[in-house]
Amino acid sequence: RKEFVDLYVNYVLNESVWKPFEDFMQGFLRGCPSRSWKMFLPIELQIVLQGHTKFDWQLLEENAVYVHYNKLDRTVRNFWAVFHNLPEEKKKMFLAFLSGSDRIPGYGLEHFRFSIVDPQEGNPDDVCLYANTCQRILFLPR
């Protein structure tokens with residue numbers, strides 16, 4: 001029985017997926033040569049490819065840059081008060097709204113900068129919150 005289970009597990013996890021995996025690996029290595037990846041440990045490679053999944057939201061606030069605002073403006077204080085009261089999943093959704101991804105790039109949150117900008121509209125009630133994901137700019141009307 002043990003031999004049967006071992007052979008079956010080997011077939012399911014290795015042999016049955018070998019051809020599709022081989023095709024994937026050849027395509028992947030054509031675009032990303034393996035010599036570039038050998039310098040990484042597996043966990044480091046995962047972070048480079050997928051980004052960080054653990055967040056220090058306080059550090060995100062500290063890294064924010066303000067344009068036409070300062071960090072003590074009432075609008076900014078209200079924004080951060082609401083943000084810090086959000087559940088973790090909603091904070092990740094905000095990060096995706098701001099940057100296009102719900103993960104922090106591999107270089108880490110300590111280097112992740114974004115701007116909160118007052119769009120300076122005549123009537124702020126006519127303007128919605130919006131973001132420029134390429135430049136990580138949040139346009140936050142007063």
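What you are looking at is a predicted structure, and each value in this text was computed from that prediction instead of being measured. Index from 1, following the sequence.
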(request) Mark yes or no for whether Asn78, through its side chain, and Thr75, through its backbone, hold a donor-acceptor pair below 3.5 Å. (result) no
(request) Tell me, yes or no, whether the heavy-atom count around Arg113 atom CZ, taken from other residues, nucleotides or ligands under 6.0 Å, exceeds 12. (result) yes
(request) Take atom CD of Glu3 as the centre, draw a 6.0 Å sphere, and report whether it contains more than 12 heavy atoms from other residues, nucleotides or ligands. (result) no
(message) What's the separation between atom CD in Gln58 and atom CH2 in Trp80, rounded to the nearest 0.5 Å?
(response) 8.5 Å
(request) Please answer whether the main-chain N or O of Leu72 pairs with a side-chain N or O of Arg77 as donor and acceptor at a distance below 3.5 Å. (result) yes
(request) Measure the shortest side-chain to side-chain distance between Lys2 and Val5 over non-hydrogen atoms and say whether it is less than 4.5 angstrom. (result) no
(message) Taking the ring of Phe94 and the ring of Phe79, is the distance between their centroids below 6.0 Å?
(response) yes
(request) Please check if Leu45 and Phe24 belong to a single hydrophobic cluster, counting links between Ile, Leu, Val, Met, Phe, Trp and Tyr side chain heavy atoms closer than 4.5 Å. (result) yes
(request) Provide the closest heavy-atom pair for Trp57 versus His84 in the form atom of the first, atom of the second, distance. (result) O-CE1, 3.7 Å
(message) Can you tell me how the ring of Phe4 sits relative to the ring of Tyr8, calling it parallel under 30°, perpendicular over 60° and tilted otherwise?
(response) parallel
(request) Could you tell me which non-hydrogen atom of His68 sits nearest to which non-hydrogen atom of Asp73, and how far apart they are? (result) O-OD2, 4.5 Å
(request) Give, for atom CZ of Phe139 and atom CG of Asp118, the distance between the pair rounded to the nearest 0.5 Å. (result) 10.5 Å
(message) Could you check whether any side-chain heavy atom of Phe112 comes within less than 4.5 Å of a side-chain heavy atom of Arg136, counting everything from C-beta outward?
(response) yes
(message) Looking at every non-hydrogen atom in both residues, tell me the closest pair between Glu61 and Tyr66 and how far apart they are.
(response) O-OH, 4.0 Å
(request) Check whether any side-chain heavy atom of Leu13 lies under 4.5 Å from a side-chain heavy atom of Val17, and answer yes or no. (result) no
(request) Is it possible for you to say whether Val67 and Val76 belong to one hydrophobic cluster, with membership spreading through side-chain heavy-atom contacts below 4.5 Å? (result) no
(message) Let me confirm one number: the CD-CD distance from Glu22 to Gln26, rounded to the nearest 0.5 Å.
(response) 5.0 Å
(request) Output all residues satisfying side-chain contact (heavy atoms from CB on, under 4.5 Å) with Lys90, sequence neighbours left out; order by chain, then residue number. (result) Leu86, Pro87, Met93
(request) Check for a donor-acceptor pair, side chain of Ser99 on one end and backbone N or O of Ser101 on the other, with a separation under 3.5 Å. (result) yes
(message) Count I, L, V, M, F, W, Y as connected when their side-chain heavy atoms are under 4.5 Å apart, and connections chain through other members. Are Val82 and Val117 then in the same cluster?
(response) no
List the atom pairs, with distances to 0.1 Å, where a side-chain N or O of residues 124-134 and a protein N or O form a donor-acceptor pair under 3.5 Å, not counting sequence neighbours.
residue : atom : partner : partner atom : Å
Asp126  : OD2  : Asn123  : ND2          : 3.3
Asn132  : OD1  : Cys134  : N            : 3.1
Asn132  : OD1  : Gln135  : N            : 3.1

(request) Can you sort out the partners of Phe114 under ring-ring contact (aromatic ring centres under 6.0 Å, His included), two or more places apart, ordered by chain and number? (result) none
(message) For a quick test of reading the model, state the closest non-hydrogen atom pair linking Ser16 to Val12 and the distance between them.
(response) OG-O, 2.9 Å
(message) Is it the case that atom OH in Tyr11 sees more than 12 heavy atoms from other parts of the structure closer than 6.0 Å?
(response) no
(message) Hydrophobic clustering (ILVMFWY, side-chain heavy atoms < 4.5 Å, transitive) - are Ile116 and Phe55 grouped together?
(response) yes
(message) Quick check for you: to the nearest 0.5 Å, what is the distance between Asp102 atom CG and Phe97 atom CZ?
(response) 15.0 Å
(request) Identify whether Val65 and Leu138 are in the same connected component of the hydrophobic contact network (ILVMFWY, side-chain heavy atoms under 4.5 Å). (result) no
